[in-house]
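Reading through the structure tokens given below for one structure.
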Amino acid sequence: MGLPAFLDDPPRLRRLLFSCATLRTLTRLHALLIVSSSDHHILSSVLATAYVRAGDLAAAESTVAAAPASPSSITAWNALLSAHNRGGSHDAALRVFRALPPAARPDSTTFTLALSACARLGDLAAGEVVRERAYGAGYRRDIFVCSSLLNLYAKWGAMGDAVKLFDQMPRRDRVTWSTMIAGFVNAGQPVEAIEMFRRMREDGLEGDEVVMVGILQACTTTGDVRMGGSVHGYLLRHCMPMDVVISTSLVDMYAKNGLFDVACRVFQLMAYRNDVSWAALISQFAQNGHADEALGLFREMQVSGVRPNSGAVVSALLACSDIGFLKLGKSMHGFILRRLELDCIVSTAVIDMYSKCGSLASAQTLFNRVSSRDLILWNAMIACCGTHGRGRDALALFKEMDGNKVTPDHATFASLLSALSHSGLVEEGKFWFDCMVNEYGIEPAEKHLVCIVDLLARSGLVEEANDLLTSMHTEPTIASLVALLSGCLNNKELELGESTAEKILELQPKDVGILALVSNLYAAAKNWDKVREVRKLMKDHGSKKVPGCSSIQIYGALHKFVMEDQSHPQHKQILQMVSKLDSEMRKRGYVPKTEFVYHDLEEGIKEQLLSRHRPSNLRVCGDCHDAIKLISEIADREIVVRDAKRFHHFKDGACSCGDCW
DNA sequence: GTAGGGTTAG
């Protein structure tokens, strides 16, 4: 049987290879070429490129590798490298680059592609090897090679190297400038980024969309909304195409600086919004306590047909945590399992959501299922145990983490110490604090000091706590003094208490809760002059508190209560139940602790207020704590209460957290 | 067959 005539017609064969639509026809053609006696090696580059286009990168590689290396084969190698990069297989791209036969003579494109792979991988060392080879091959002044190298440095914080290279470059174009700008933004040097932009314009170049995105990010981090706004105006004046990315940067810039109405307006005017645009706005609402708006937007996003990405889901989970919306959070967990990848970031958010919605057990279960855990995930789980009053569990996790070769950081210790402190594990707390400083070389930050002072003072070791504070190089902060004072008050160490109170007053606190604590200390010390003085301070300077809000979720519906609020449809029935519980409690010997009311009122009125009291410092107060203990017994229910910081699990007339009041 | 951009976790 004769072979098709086109096999002896190289130009026709070339055309055929290029137009091969499917991998199957291509493989068949290749087989024919091999059986034919014609010298198909001269076509191997074309064949390999065709394989790349058909998506069979392995076939492409073996084809180009089997052919004798020639300068013309480098385009096929480049096509292969480029395809690996496009598909996200940067490791494979680097492997191909390393396997390149020297006779193939890598060119500017080859080095550019290899450097791009290094930049994606963050492999600075591999980048150095590529750079040396590129320089050796005479591409020291090639603008593409230099830009790729610059990008590698800029993306991974080697701004010193980037600046050096940038200054040596024979020529700079918009891409080189914008790479430098993005690099400075990334490295947390927004001022330098803006300075670069100024120099760029001095050089006679105008910014394009990519440059302006960098500048907007710089404005976002410096908080310079004026400049951000003028960039916005510049974009409009120069009729720059407002694409998704630049509009999203604008939304982010306005929202991150608190201008939610402007951000929403820009968002509404966008011709097209993708998942990132939605996520940008949702995250800002979620992070600034506007959980309802965040969840509303999340819903709208789904209605409009955009599938939430992990960023949007993480933010929505944060909103659920914020208002304790367990049912919605659970359904998001389900959505993630069906549609998204459960990576460390998402797992952390889900675990945090379960914990903050009161379900530590669900958080634990998920944590145990996650196979690869990063530092932040461990930290989150340790923090969860701590807030639920499980100091020993937190310590066990910490030890397990250490065994898993994850090195704890300052945040780990902050959570661990806080957990130990609230569970009354004094010896352990002291031990790990020393360990943190001496073995892990972590300089105690304010949050660590507050924890350890709290731990010591809580257990009565007020002198030791005070000595620790005075031994530090820096002046004690309000928070650490408050921790000390609170310990003094609870342990009736009034002498040290009074001097601590004095120090706190010198720092002029505005927080009503802190002033109340100071006043209580003076009252305990019977220093009535001081009590009057502090009360006056509370009246004159005390910051106006946003009224505390309590909420409860029943069958997925959220019920909210604010002080004096009577808007709930079942208000009457609720009050009836409260008074029923109240009389039942009094029968069991409940006496309201009126010292927790910070207003100057008659005793009788105080009691009335207390029975529907949300604490002004957003922590469960001692009176509520006692009351809920009794209610859990009367109603024979487990009651989980979350305040601003921690959880209280009440059951059979007791609270799981050993430390509260 | 070549270089640069937006959101998200303790």
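Just so you know, these numbers use all the heavy atoms, side chains as well, and skip hydrogens, waters and symmetry mates. Below, read A as the first sequence line, B as the second, and so on, with proteins coming before strands; counting in each chain starts at 1.
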Original post:
More than 12 heavy atoms of other residues, nucleotides or ligands under 6.0 Å from CZ of A:Arg198: is that the case?
Top reply: yes
Subject >> Side-chain (A:Ser147) to main-chain (A:Ile143) donor-acceptor, under 3.5 angstrom >> reply: yes
Original post:
Which is true for A:Glu209 with a 4.0 Å heavy-atom rule: it touches a base, it touches only sugar-phosphate, or it touches nothing?
Top reply: base
**OP:** Give the intermediate values and the outcome of side-chain hydrogen bond (donor to acceptor under 3.5 Å, both in side chains) for residues A:Asn309 and A:Asn274.
**Re:** CA-CA 10 Å; A:Asn309 60 16; A:Asn274 63 13; over 6 Å; no
Original post:
How are the rings of A:Phe260 and A:Phe285 set relative to one another: parallel (under 30°), tilted (30 to 60°) or perpendicular (over 60°)?
Top reply: parallel
**OP:** Would you tell me if any nitrogen or oxygen in the side chain of A:Lys256 comes within less than 4.0 Å of OP1 or OP2 on B:dG6?
**Re:** no
Original post:
Is the side chain of A:His232 donor-acceptor paired with the backbone N or O of A:Leu250 at a distance under 3.5 Å, no angle test?
Top reply: no
**OP:** For A:Ser283, report the nucleic acid contact type (base, sugar-phosphate, nothing); a contact means any heavy atom under 4.0 Å.
**Re:** sugar-phosphate
Original post:
Which residues within residues 404-416 of chain A lie with some heavy atom under 4.0 Å of an atom in DNA chain B?
Top reply: A:Asp409, A:Ala411
Original post:
B:dG5 C1' sits how many Å from A:Met212 CE, rounded?
Top reply: 13 Å
Original post:
So what does A:Ser277 hit on the nucleic acid, given a heavy-atom distance under 4.0 Å: a base, only sugar-phosphate, or nothing?
Top reply: base
Subject >> Minimum-distance nucleotide (side-chain atoms of A:Asp173 versus B:dA3, B:dG10, B:dG1) >> reply: B:dA3
**OP:** Check every atom of B:dA3, B:dT8, B:dG5 against the side chain of A:Phe144 and return the nucleotide holding the closest atom.
**Re:** B:dA3
Original post:
From the list B:dG5, B:dT2, B:dA9, which nucleotide is the closest neighbour of the side chain of A:Gln287?
Top reply: B:dA9
**OP:** Could you check how far CD1 of A:Ile345 sits from P of B:dT8, rounded to whole Å?
**Re:** 10 Å
**OP:** Please determine, for the side chain of A:Val314, which listed nucleotide (B:dT8, B:dG6, B:dG5) has the closest atom?
**Re:** B:dT8
**OP:** Identify whether the distance between the nearest side-chain nitrogen and carboxylate oxygen of A:Arg273 and A:Glu300 falls below 4.0 Å.
**Re:** no
Subject >> A:Asn78 side chain near B:dT2 phosphate (N/O to OP1/OP2, under 4.0 Å) >> reply: no
Original post:
Does the base of B:dG4 carry an N or O that pairs as donor and acceptor with the side chain of A:Thr179 under 3.5 Å?
Top reply: no
Original post:
When only distance counts, do a donor and an acceptor, one from the side chain of A:Asp352 and one from the base of B:dG10, lie under 3.5 Å apart?
Top reply: no
**OP:** Assign A:Ser310 to base, sugar-phosphate, or nothing according to its heavy-atom contacts below 4.0 angstrom with the strands shown.
**Re:** base
**OP:** Give the rounded distance in Å between these two atoms: CD of A:Gln284 and C1' of B:dA9.
**Re:** 14 Å
Original post:
Phosphate oxygens OP1/OP2 of B:dT7: is one of them under 4.0 Å from a side-chain N or O of A:Thr248?
Top reply: no
Original post:
Expressed in angstrom and rounded to an integer, what is the separation of A:Phe97 atom CZ from B:dT2 atom C1'?
Top reply: 14 Å
Donor-acceptor pairs under 3.5 angstrom involving side-chain atoms of residues 374-386 of chain A: please list them, not counting sequence neighbours.
unit_1	atom_1	unit_2	atom_2	d
A:Asp374	OD1	A:Ile376	N	3.4
A:Asp374	OD1	A:Leu377	N	2.9
A:Asn379	OD1	A:Thr412	OG1	2.6
A:Asn379	ND2	A:Asp409	OD1	3.2

Original post:
Would you say A:Gln217 reaches B:dG6's phosphate, i.e. side-chain N/O to OP1/OP2 under 4.0 Å?
Top reply: yes
**OP:** Return the value, rounded to whole Å, for the distance between atom CE of A:Met381 and atom P of B:dG10.
**Re:** 14 Å
Subject >> Over 12 non-hydrogen atoms of neighbours within 6.0 angstrom of NZ in A:Lys447 >> reply: yes
Original post:
Does A:Ser148 get its side chain close enough to the base of B:dA3, under 3.5 Å, for a donor-acceptor pair?
Top reply: no
Original post:
To the side chain of A:Asp252, which of B:dT2, B:dG4, B:dG6 is closest?
Top reply: B:dG6
**OP:** Consider the side chain of A:Thr348, meaning its heavy atoms from C-beta on, and name the nucleotide among B:dG1, B:dA9, B:dA3 that approaches it most closely.
**Re:** B:dA9
Subject >> A:Met301 CE to B:dT8 P, straight-line distance once rounded to whole Å >> reply: 13 Å
**OP:** Could you tell me whether the phosphate oxygens of B:dT2, OP1 or OP2, come under 4.0 Å of any side-chain nitrogen or oxygen in A:Ser82?
**Re:** yes
Original post:
Nearest-Å distance, NE2 (A:His388) to P (B:dG10)?
Top reply: 15 Å
**OP:** Find the distance A:Ile143:CD1 to B:dG4:C1' and express it as a whole number of Å.
**Re:** 12 Å
Considering only distance and modelled atom types, tabulate donor-acceptor pairs under 3.5 Å from the side chains of residues 334-342 of chain A, sequence neighbours left out.
none

**OP:** Under 4.0 Å between any heavy atoms, over every strand shown, what does A:Val244 touch: base, sugar-phosphate, or nothing? Just pick one.
**Re:** base
